[in-house]
S.K.: 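Have a look at the structure that comes next, please.
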Amino acid sequence: MPPTLASKLPDTGTTIFTVMSQLAAQHDAINLSQGFPDFRPPAGLVKRVSHYLEAGANQYAPMTGVPELRNAIASKMADLYGVTVSADAEVTVTSGATEALFCAIHAIVRPGDEVIVFDPAYDSYEPAVALAGGRTVHLPLVAPDFHIDWERFSEALNDRTRLVIINSPHNPTGAVLAASDLDELATRIADNDCFVLSDEVYEHIVFDEQPHCSIVGHPELFNRGIAVFSFGKTYHATGWKIGYAIAPEALTAELRKVHQFDTFTTVTPMQLALADFLQSDPAHYRELPGFYQAKRDQFATLLEDTRFRPLPCAGTYFQLADYSAISDEDDMTFARWLTQTHGVAVIPISVFFEKPPSDMRIVRFCFAKEASTLKAAAVKLCRI
């Protein structure tokens with residue numbers, strides 16, 4: 001008889017992104033569910049990868065990331081946020097932002113600790129907290145703009161609160177935290193012995209001339225915080241799985257202890273290529289807000305001839321839409337129906353809640369697609 005194994009994550013199934021992408025493939029549907037572009041990374045960046053592959057940069061990179069990339073990241077932080085971070089002691093390259101988030105959580109959270117997240121919350125947070133022995137405390141964001149209820153946040157703070165996870169621009173809602181929100185957070189946790197983990201993977205996809213407010217540029221929060229970023233989102237290369245974490249030296253040292261026994265290091269030629277491209281082509285990330293705002297506006301225009309009602313979208317490449325004029329079904333049932341019957345795959349956002357509102361009829365579209373893809377999807381959506 002085989003040994004028994006009690007699951008460490010008994011309530012965790014296959015992530016919704018895998019489920020919906022598989023369903024899209026099965027039904028030959030247009031995949032507006034999982035958040036990946038259907039266009040290529042910058043040609044100049046791809047050429048630099050090829051260069052380093054041919055040049056023989058195919059062995060292990062340093063555990064913390066190649067020096068060239070860490071230096072380029074530090075320069076970018078100075079350029080964008082006016083701060084000086086140590087490339088050697090405060091920047092760590094990781095195998096995707098998800099790995100950085102996991103390492104950060106495990107560096108900080110101990111059994112019995114509480115971690116505050118804001119629902120709808122990205123689905124990788126809670127499993128990492130559970131594996132660290134912590135307890136996730138879910139606070140709902142306030143619709144329709146999905147802002148933080150700061151009074152409710154203060155009520156949730158206690159001596160067991162060890163970590164607060166924020167996400168801006170926010171997946172799946174597209175909400176963006178303002179500088180005043182960071183100030184509010186800093187004020188409310190000033191007397192608490194807790195840390196902040198800031199998921200900023202969509203830092204360059206902020207619309208309507210709003211700035212991205214990073215905790216890296218906020219001294220009170222950065223002194224107790226870890227910020228996580230993603231090259232995959234910035235350079236249309238999600239399959240490369242390269243991210244990075246920035247934190248004060250002491251926190252970085254603890255994060256690296258986890259990182260070195262998780263993935264240890266990240267693919268070498270792509271790190272070197274990214275280092276070159278960050279320095280040679282800063283216009284790419286500077287122009288990204290306008291690039292994606294045009295796609296947001298195009299998709300919103302296309303939805304005008306449907307029965308979907310778009311919600312405000314201040315950042316990310318996701319558009320929430322209310323489908324209550326179409327169906328009273330729950331969002332998981334609706335998403336499956338939409339994929340199977342009408343050939344457009346979306347994400348039901350109830351999966352990002354501990355307790356989703358019973359009357360919520362909202363799904364998430366990804367508009368990081370070619371114009372032709374969005375138009376083809378709109379044709380199908382207009383028939384509903």
Side-chain angles (χ1 to χ4, degrees), residues 17 32-39 41-42 73 76-77 80-81 94 96-101 104 117-125 141 145-148 165-179 181-182 196-218 221 225-246 274 278 282 284-297 299-300 310-320 347 349 352 364-369:
F17 306 111
L32 302 189
S33 60
Q34 194 170 2
F36 61 86
D38 67 351
F39 38 84
I73 290 168
K76 177 187 161 189
M77 292 296 113
L80 289 181
Y81 306 118
T94 60
T98 300
E99 193 234 329
L101 293 166
V117 303
F118 297 95
D119 282 2
Y122 187 62
D123 66 351
S124 79
Y125 305 153
L141 296 170
D145 62 349
F146 295 96
H147 66 269
I148 295 174
I165 302 179
I166 58 175
N167 174 205
S168 178
H170 185 264
N171 178 14
T173 70
V176 171
L177 293 178
D181 289 305
L182 298 189
V196 175
L197 175 56
S198 185
D199 181 348
E200 303 182 23
V201 299
Y202 297 99
E203 62 170 327
H204 299 301
I205 312 179
V206 182
F207 307 136
D208 304 314
E209 299 185 355
Q210 294 184 83
H212 169 62
C213 298
S214 173
I215 69 162
V216 176
H218 194 287
L221 293 181
I226 300 175
V228 172
F229 304 87
S230 167
F231 286 119
K233 305 297 189 296
T234 300
Y235 292 112
H236 321 316
T238 59
W240 292 8
K241 292 297 292 178
I242 302 180
Y244 56 99
I246 300 180
L274 285 163
L278 264 178
H284 174 86
Y285 61 75
R286 292 188 176 279
E287 294 170 0
L288 211 58
F291 174 81
Y292 274 118
Q293 183 168 328
K295 290 190 175 294
R296 177 201 68 173
D297 294 346
F299 190 56
L311 275 64
C313 174
T316 76
Y317 46 54
F318 302 117
Q319 175 66 65
L320 295 188
I347 293 290
I349 72 164
F352 302 117
R364 191 198 78 176
F365 293 91
C366 173
F367 56 78
K369 308 295 178 183

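The analysis underlying the following values was restricted to heavy atoms, covering all of them including side chains, and did not include hydrogens, waters or symmetry mates. Note that the coordinates shown come from a computational prediction; the quantities given were computed from them, not determined experimentally.
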S.K.: Report the relative orientation of the aromatic rings in Phe229 and Tyr244; use parallel for angles under 30°, tilted for 30 to 60°, perpendicular for over 60°.
M.R.: parallel
S.K.: How many angstroms lie between CZ in Arg364 and CZ in Phe318, if you round to the nearest 0.5 Å?
M.R.: 3.5 Å
S.K.: Indicate yes or no: at least one non-hydrogen side-chain atom of Pro289 is less than 4.5 angstrom from one of Val206.
M.R.: no
S.K.: To the nearest 0.5 Å, what is the distance between OH on Tyr125 and CG on Leu197?
M.R.: 7.0 Å
S.K.: Can you confirm whether Ile148 sits close enough to Leu177 that some side-chain heavy atom of one is under 4.5 Å from a side-chain heavy atom of the other?
M.R.: yes
S.K.: Of all heavy-atom pairs between Asp145 and Ala175, which one has the smallest distance, and what is that distance?
M.R.: O-CB, 3.5 Å
S.K.: Considering all heavy atoms of both residues, which atom of Pro172 and which atom of Leu320 are nearest to each other, and what is their separation?
M.R.: O-CD2, 3.3 Å
S.K.: Calculate, to the nearest 0.5 Å, the distance between atoms CZ and CD1 belonging to Phe291 and Ile205 respectively.
M.R.: 9.0 Å
S.K.: Distance check, rounded to the nearest 0.5 Å: Leu182 atom CG versus Ile215 atom CD1?
M.R.: 8.0 Å
S.K.: How about Asp123 and Phe17: do any of their side-chain heavy atoms sit closer than 4.5 Å?
M.R.: yes
S.K.: Counting distance only, does the side-chain N/O of Ser168 pair as donor-acceptor with the main-chain N or O of His170 below 3.5 Å?
M.R.: no
S.K.: Is Pro37 close to Thr238 at the side-chain level, that is, under 4.5 Å between some pair of heavy atoms?
M.R.: yes
S.K.: Nearest 0.5 angstrom please: Cys213 SG to Asp181 CG, how far?
M.R.: 8.5 Å
S.K.: Do His284 side-chain atoms and Thr234 backbone N/O form a donor-acceptor pair below 3.5 Å?
M.R.: yes
S.K.: Are the side chains of Val176 and Phe207 in contact, using a 4.5 Å heavy-atom criterion?
M.R.: no
S.K.: Hey, does the side chain of Arg296 reach the backbone of Cys313 with a donor-acceptor pair shorter than 3.5 angstrom?
M.R.: yes
S.K.: Hey, can you tell me if Tyr317 and Tyr202 have their rings parallel, tilted or perpendicular (30° and 60° cut-offs)?
M.R.: perpendicular
S.K.: With a 4.5 Å heavy-atom cut-off, do Val196 and Ile226 have their side chains touching?
M.R.: no
S.K.: side-chain contact (heavy atoms from CB on, under 4.5 Å) between Val201 and Tyr122: does it pass, once the steps are laid out?
M.R.: CA-CA 12 Å; Val201 299; Tyr122 187 62; over 6 Å; no
S.K.: Whether the side chain of Asn167 engages the backbone of Asp199 through a donor-acceptor N/O pair (distance < 3.5 Å, no angle test) should be reported.
M.R.: yes
S.K.: Taking all non-hydrogen atoms of both residues into account, name the closest pair between Ala245 and Ala100 and its distance.
M.R.: CB-CB, 4.3 Å
S.K.: Can you name the residues that form a side-chain contact (heavy atoms from CB on, under 4.5 Å) with Lys241, not counting sequence neighbours?
M.R.: Thr98
S.K.: Is there a side-chain contact between Phe352 and Asp119, using heavy atoms and a 4.5 Å cut-off?
M.R.: no
S.K.: What I'd like to find out is whether the side chain of Phe118 reaches to under 4.5 Å of the side chain of Phe146, using heavy atoms alone.
M.R.: no
S.K.: Could you give the distance from CH2 (Trp240) to OG (Ser230), rounded to the nearest 0.5 Å?
M.R.: 11.5 Å
S.K.: Checking His236 side chain against Asp38 main chain: does a donor-acceptor pair fall under 3.5 Å?
M.R.: no
S.K.: Show your working on side-chain contact (heavy atoms from CB on, under 4.5 Å) between Ile246 and Met77 and close with a plain yes or no.
M.R.: CA-CA 10 Å; Ile246 300 180; Met77 292 296 113; 3.5 Å; yes
S.K.: Does the side chain of Glu203 come under 3.5 Å of the side chain of Tyr81 through a donor N or O and an acceptor N or O?
M.R.: yes
S.K.: Should the pair Lys369 and Phe36 be classed as cation-pi, given the thresholds of under 6.0 Å to the six-membered ring centre and 45° from the axis?
M.R.: yes
S.K.: Determine whether Lys233 and Glu200 satisfy the following criterion, salt bridge (charged side-chain N to carboxylate O under 4.0 Å, His left out), listing intermediate values before the conclusion.
M.R.: CA-CA 10 Å; Lys233 305 297 189 296; Glu200 303 182 23; over 6 Å; no
S.K.: Is the backbone of Leu311 close enough, under 3.5 Å, to the side chain of Gln319 for a donor and an acceptor to pair up by distance?
M.R.: yes
S.K.: Test side-chain contact (heavy atoms from CB on, under 4.5 Å) on Phe299 and Leu32 and set out the steps.
M.R.: CA-CA 11 Å; Phe299 190 56; Leu32 302 189; 4.2 Å; yes
S.K.: Is a donor on one side and an acceptor on the other found under 3.5 Å between the side chain of Asp297 and the backbone of Ala294?
M.R.: no
